[in-house]
Amino acid sequence: MAIQKKHGKGRLDKWYKLAKQKGYRARAAFKLIQLNKKYNFLEKSKVLIDLCAAPGSWCQVAAECMPVNSLIVGVDLAPIKSIPRVITFQSDITTDKCRATLRGHLKTWKADTVLHDGAPNVGTAWVQDAFTQAELVLQSLKLATEFLIEGGTFVTKVFRSRDFNNLMWVFNQLFTKVEATKPPSSRSVSAEIFVVCRGYKAPKRVDPKFLDPRTVFEELPDPTPNNEAKVFNPEIKKRKRDGYEEGDYLQFKEVPVNEFIETTDPIQMLGSLNRLSFDEKKGGDLAIAAISKMPETTKEIRHCCEDLRVLGKKEFRALLKWRLSVREKFGLAVKKANENPEFTETAEIAPMDEEMQIEEELERLKMKEAGERKRSRRRENERKQKEIVRLQLHMTTPTDIGLGQDAEGESMFALKNVDRVGALDKVTKGKMNIVVEEDHNRPRKDIHMGDASEDESEDEIADRLEAELDGMYEQYKEKKAETDAKYKAKKARQEHEDGEWEGIKSDAESSDDEVAIDDAASSEDDDSEDEDEESGPKKLTTHLDGRDIKGEDGLSKKAAMFFDQEIFQDIAIGVSDEEESGGDDEGEDGEDDEEDEDEAGDIEMEDHAIKKPTKVQDDASETGTNDGFETEDEDEDTGIEIVKTQKDESWDAEAEPIKNGKLDIDIITAEAMSLAQRLATGKSSAKANAIDDGFNKYSFRDRDGLPDWFLDDENKHSKPNRPITAAGAAAIKEKLRALNARPIKKVREAKDRKKFKAAQRLEKLRKKSALMADEEGMTEKEKAANITKLMAKAGKKKPKAQVKVVVARGPNKGQGRPRGVKGRYKIVDARLKKDVRAQKRIAKRDKKR
Ligand SMILES: C[S@@+](CC[C@H](N)C(=O)[O-])C[C@H]1O[C@@H](n2cnc3c(N)ncnc32)[C@H](O)[C@@H]1O
C-alpha cells in the first residue's frame, strides 16, 4: 500500500531521491531551499516559527541556513522527531493553546520569519480541502500577525482555488511585497503555490475581518474586476442558484408573433426568447396572417424575428416601434409609457418620450442579459472546479483547466479573462481601495470591462470591445510566451529590435494572471496610482500610436530608422527612386513587419532583409574565431540576408552582385536565392519582371487601424508564395553544406590556443636570445650555438609525463597515494590489468597465426 502511494504521485522523483540522499525528512525541503534561494530570508532570520512542520524537513533546512544560535520553533498536529537546534511541539495551530505555547517559547522575542506549509489531507473532496487549506492559511497568518517583527517575512502554501485572490488581497494589506511563486520542486500537477510576503507592516491593530474566513472567503455576487473590493461588504449575499425554471428544460424558446404584439411586457419577451414565429399553424392563424400582410411587417422585421439573440439596440428599437404600429392598427391600447405593469404608475404621472422608453427597456434587457452571463460564468466556474477535482485524481493536467493557463481558444474568447486582468493586477498590488474609489468616481466602462455601460454610445461600445479584444490578445501572447519557448525567443528578438514593444509588454504582463502572480511584487509594487489608472486600453492606444509615428519622409518610425543606416545614405527611397536605381534596392526591414513595406515604398521582397554591413564570412577558420562575421539568428520569416563584405566598402544598392560568376551576397533562403539568380542573369526583363511581381495583392494592404491580433494572423497565413527554382534550392543546399563543413567553435578555439601558446613561447625565446646576445663572456659563435639550441628546444614537444600504473591491493586500496610511488600514477584494478594483458596476448597470437 505504502509503495503504491509513493508511485501514485510519482513520489520517487529526483527530489524524493535527493531528499533521501541529503538526509531531509521530506522532499518538501527543496521547496523551502528554492524559495530561500530566490528571496534569501533564512540567512537574515534569527527567530523562526514553522507552522505545520511535521515531519520537519523545513525545520532541517532552517537550521542549516539560519545563523548559529537562532531560535527555531516547529509545531504540527503530528509529532516531529527531534531535530538539532530546533524546538518542536505537537499542537493544532488553530487553537489558543498553540498560541500560548509559541508565546512561551518566544518569550518577548518577535519572529523574523513565519513559515506555513500546512495542508489538510488532500483527498477526493478537493474543493472542500482547498477551502480548509485556505482557512489554515488565514489561521497561520493570524499567528504571523501576532508574532512577526516589523519587516518580517511570512511564507505560506496556498492552493490555486477560488479563494486565492482573496488571500492575496489580504496579504497585500499586511505586507509591502507579496509574490506568489511555484518552486521547481513543487509538482506541476499540484495546485499548490507558495506566497512569500515580505516587509510585514506591523499595523497597530489588524482588522479582525482580514483574518476571518467568513468575510475573506465570502462568495461574491458579481465576479467583475473589482469584485474583490467588495469582499468585506456586509450587504453582499451569497449567490443564489436559480437554474432552469421548473418544467422548462428547453433552451430554444419561440412564441407566435401575435403574442409579442399582444403582450404587455414586450421587453421581457425580447430578452427571453430566441424567435418570434410567423408560422400560422402555431399561433392564432388569423392574427398572424394579418400581421404578415401588413406593410409595416417588412422583410427586415421578419429577419429580426428569426433570431432575437443576435439583435442589437437598433433592431430591438425597430421591433418595438413595429409592435406599436401593429397594435395601433389592431386598435389595441398604445401606451406611451413603458407597458410593463411595474412602470405603469410612473408613466401616468410623467409620460416618457419614446426614446427614453426604449432606453429604459433596453436597460432592463441588458440587466437580464447580465444575469444570464453571470449564470453562465458560474456554470463555467463549477466546471473548472470539477476539473480541479479531476486534476487531483490525475485525470487531467493543469493546462487542461483554467488554472492561469486556459486553452488557447478559451483565453482568446473568454471575455471574463479580460475582466480579471485589471482586477487581479490591482489585487496583487494591494490597490483594491483605489479601485473602490475609482469605482465611485468614474464611469463604469473603466472598470466593468465586460458589461455595457448605460451611457455608452454604440461607438464607445465598439471601442471598448476592441480594446478588450486587444487586451485579450496581449494576454494570449503572454501566455503563449510562457509556454512556448520558440515564441518567447521570437518575441524577445522583436523587443530587442523594437522598443515599441515595451508599452505592450508591461501592459500585458500586468494583465496576465500567472505573470501577475509570479512577478507582481518583483515588478515593484510601488506603482503609482496614476500608473494604475493607465490601464489596458490606454496603453494599447499608445502602442498603436507609437507604431504609426512617421519619419521625415513619411515612413514609419521603424522604416525611417532602418533607412537611416549608412548603406542607404546614397539611395533615394520610394517607388520612383527604386526604378531610378535600377530596382536593386529592393530590400527592406523584413522580419514580420510587413506593415512597414508600403510606407517605405518598397514594393518587393517584403520578407527580405538587407542586414547592416558586417565582415566577410569566409576565412573564419583562418582567423581561428568566428569574429569574421556577425552571427545572426535566422528568423523563420526572414528572406534575404545580404552581408556587405569587408573588402567591398563601397557597396551600395547599385553595386554589381556578381563576381567571378558567383553571387557575392549572402542569401539564406531558397526563395531569395532563386530571385537573386533570376536577377543575376542580367536580363533587363528579369529585373522588370521582379518589379512587376512586387505589385501583388500583398503589396498595398491597408493596415491602418487594424488590430494586432488581426495583423499577426494575417502575417502568419497571408503571404506571397515565391517560386523556388531547382538551381536556387541547390545553391542554398551547397551553402549550408559548406557552412556545416567548417570546424566547430571548439576546434577553432583549440587551434587558437595552440597559436597563442606558440606566440608566447616565441616571445620568451626572443627575450632569452636578446639577453644572451648582450652577454659579454661569450664568443659570437657560442652565442649563435646557444640560441640555436634554445630554438631547437622550444620547437620540441615536451614529452608527456609518464603515468605509473599501480595495481590496487590491500584493505585500503584506492585510498590516497600508494606508498613509494612518485609523480603521476593511475590505480588500476588487478582483474582489469590481467584481462587487458590477456587480450593483448590473444591478439598477438592471432596475428602470428
Ligand atoms: C505538507 S506537511 C508539512 C511538511 C513540512 N513543511 C516539512 O517540510 O516536513 C503538512 C502538515 O500540516 C499539518 N497540519 C495540518 N493541519 C494542521 C493544524 N491544524 N495544525 C497543525 N498542523 C497541521 C499536517 O499534520 C502535516 O504534517
Side-chain angles (χ1 to χ4, degrees), residues 5-6 8-11 13 15-16 18-20 22-37 41-42 45 48-66 72-102 105 111 113-123 125-126 128-144 146-147 153-160 182-187 189-196 211 213 392:
K5 203 177 166 196
K6 279 180 181 176
K9 265 192 174 183
R11 286 232 162 111
D13 63 1
W15 301 112
Y16 174 83
L18 215 57
K20 280 246 157 212
K22 302 245 169 190
Y24 292 127
R25 294 179 183 180
R27 66 193 289 298
F30 293 102
K31 297 175 191 168
L32 183 62
I33 291 174
Q34 284 155 2
L35 288 171
N36 185 49
K37 200 171 165 199
F41 47 87
L42 290 180
S45 303
L48 176 141
I49 299 173
D50 185 1
L51 303 170
C52 305
S57 72
W58 279 28
C59 288
Q60 286 179 302
V61 174
E64 272 172 19
C65 299
M66 285 168 63
I72 303 167
V73 184
V75 51
D76 198 290
L77 277 177
I80 304 168
K81 271 211 293 191
S82 70
I83 302 167
R85 294 178 51 202
V86 179
I87 300 169
T88 56
F89 66 96
Q90 214 175 329
S91 183
D92 181 344
I93 65 159
T94 60
T95 58
D96 280 342
K97 196 173 160 223
C98 174
R99 233 182 74 224
T101 320
L102 279 174
H105 285 302
T113 301
V114 173
L115 305 177
H116 172 249
D117 186 26
N121 208 9
V122 175
W126 191 85
Q128 177 55 29
D129 277 340
F131 183 67
T132 330
Q133 206 275 346
E135 278 186 316
L136 261 189
V137 173
L138 265 198
Q139 192 57 43
S140 59
L141 179 66
K142 196 172 180 181
L143 287 173
E146 189 175 337
F147 289 101
T153 304
F154 174 57
V155 179
T156 181
K157 172 160 77 189
V158 182
F159 282 177
R160 290 296 308 265
K182 192 167 175 71
S185 54
S186 171
R187 290 186 192 91
V189 290
S190 157
E192 76 180 9
I193 191 163
F194 289 85
V195 183
V196 179
L211 306 164
Q392 284 306 114

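Counting starts at 1 for both ligands and their atoms, in listed order.
Taking all heavy atoms of Ala19, Ala26, Cys59, Ser57 into account, the minimum distance to atom 7 (C) of ligand 1 is reached by Ser57. Distances from atom 16 (N) of ligand 1 to the heavy atoms of Leu136, Asp92, Leu51, Leu115 put Leu136 nearest. Evaluated by nearest non-hydrogen atom to atom 9 (O) of ligand 1, the leading choice among Gly118, Cys52, Pro55 is Pro55.
Each of the following atoms of ligand 1 lies closer than 4.0 Å to a heavy atom of Ala53: 5 (C), 7 (C), 9 (O). Those atoms of ligand 1 with a heavy atom of Lys157 less than 4.0 angstrom away are 1 (C).
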Self-check item: Check against side chain to side chain contact (heavy atoms under 4.5 Å, CB included), His116 and Ile93
Solution: CA-CA 10 Å; His116 172 249; Ile93 65 159; 4.2 Å; yes
Quiz item: Could you walk me through whether Leu115 and Asp117 pass the side chain to side chain contact (heavy atoms under 4.5 Å, CB included) check?
Solution: CA-CA 7 Å; Leu115 305 177; Asp117 186 26; over 6 Å; no
Quiz prompt | Stepwise side chain to side chain contact (heavy atoms under 4.5 Å, CB included) test for Leu35 and Val155 | solution = CA-CA 9 Å; Leu35 288 171; Val155 179; 3.9 Å; yes
Exercise. For the pair Phe154 and Val195, evaluate side chain to side chain contact (heavy atoms under 4.5 Å, CB included) and give the outcome as yes or no after the intermediate values.
Key: CA-CA 8 Å; Phe154 174 57; Val195 183; over 6 Å; no
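The two atoms that bring Ala19 and Ala26 nearest to each other are CB-O, 3.9 Å, heavy atoms only.
For atom 17 (C) of ligand 1, the nearest non-hydrogen atom of the protein is Leu77 CD1, 3.5 Å. Here the protein heavy atom with the shortest distance to atom 15 (C) of ligand 1 is Ala119 O, 3.8 Å. Considering only non-hydrogen protein atoms, atom 24 (C) of ligand 1 sits nearest to Asp76 OD1, 3.5 Å. At the top of the distance list for atom 3 (C) of ligand 1, counting protein heavy atoms only, stands Ala54 O, 3.2 Å. In this structure, the protein non-hydrogen atom closest to atom 20 (N) of ligand 1 is Ile93 N, 3.0 Å.
Remark: ligand 1 and Ala78 share no N or O pair separated by less than 3.5 Å (distance only, no angle test). Close N/O approach between Trp58 and ligand 1 is found [any backbone or side-chain N/O within under 3.5 Å]. Residue contacts with ligand 1: Asp117 is placed with a nitrogen or oxygen under 3.5 Å of a nitrogen or oxygen of the ligand (distance criterion only).
Look at Lys31 and you'll find every heavy atom at least 4.0 Å from all atoms of ligand 1. The closest approach between Ser91 and ligand 1 falls below 4.0 Å for a heavy atom of the residue.
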Please list, one pair per line, the donor and acceptor atoms closer than 3.5 Å that link side chains of residues 73-84 to other protein atoms, with sequence neighbours excluded.
| residue | atom | partner | partner atom | Å |
| --- | --- | --- | --- | --- |
| Asp76 | OD1 | Ala78 | N | 2.7 |
| Asp76 | OD2 | Ala53 | N | 3.0 |
| Asp76 | OD2 | Ala54 | N | 2.8 |

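To the nearest 0.5 Å, the span separating CZ on Phe89 from OG1 on Thr101 amounts to 4.5 Å.
Proximity of Asn36 to Cys65: side-chain heavy atoms (C-beta onward) are separated by under 4.5 Å at one or more points.
Checking Tyr16, Phe30, Trp15 one by one against Tyr24, the ring-ring contact (aromatic ring centres under 6.0 Å, His included) holds for a single residue, Phe30.
At least one donor-acceptor pair under 3.5 Å links the side chain of Lys182 to the backbone N or O of Arg187.
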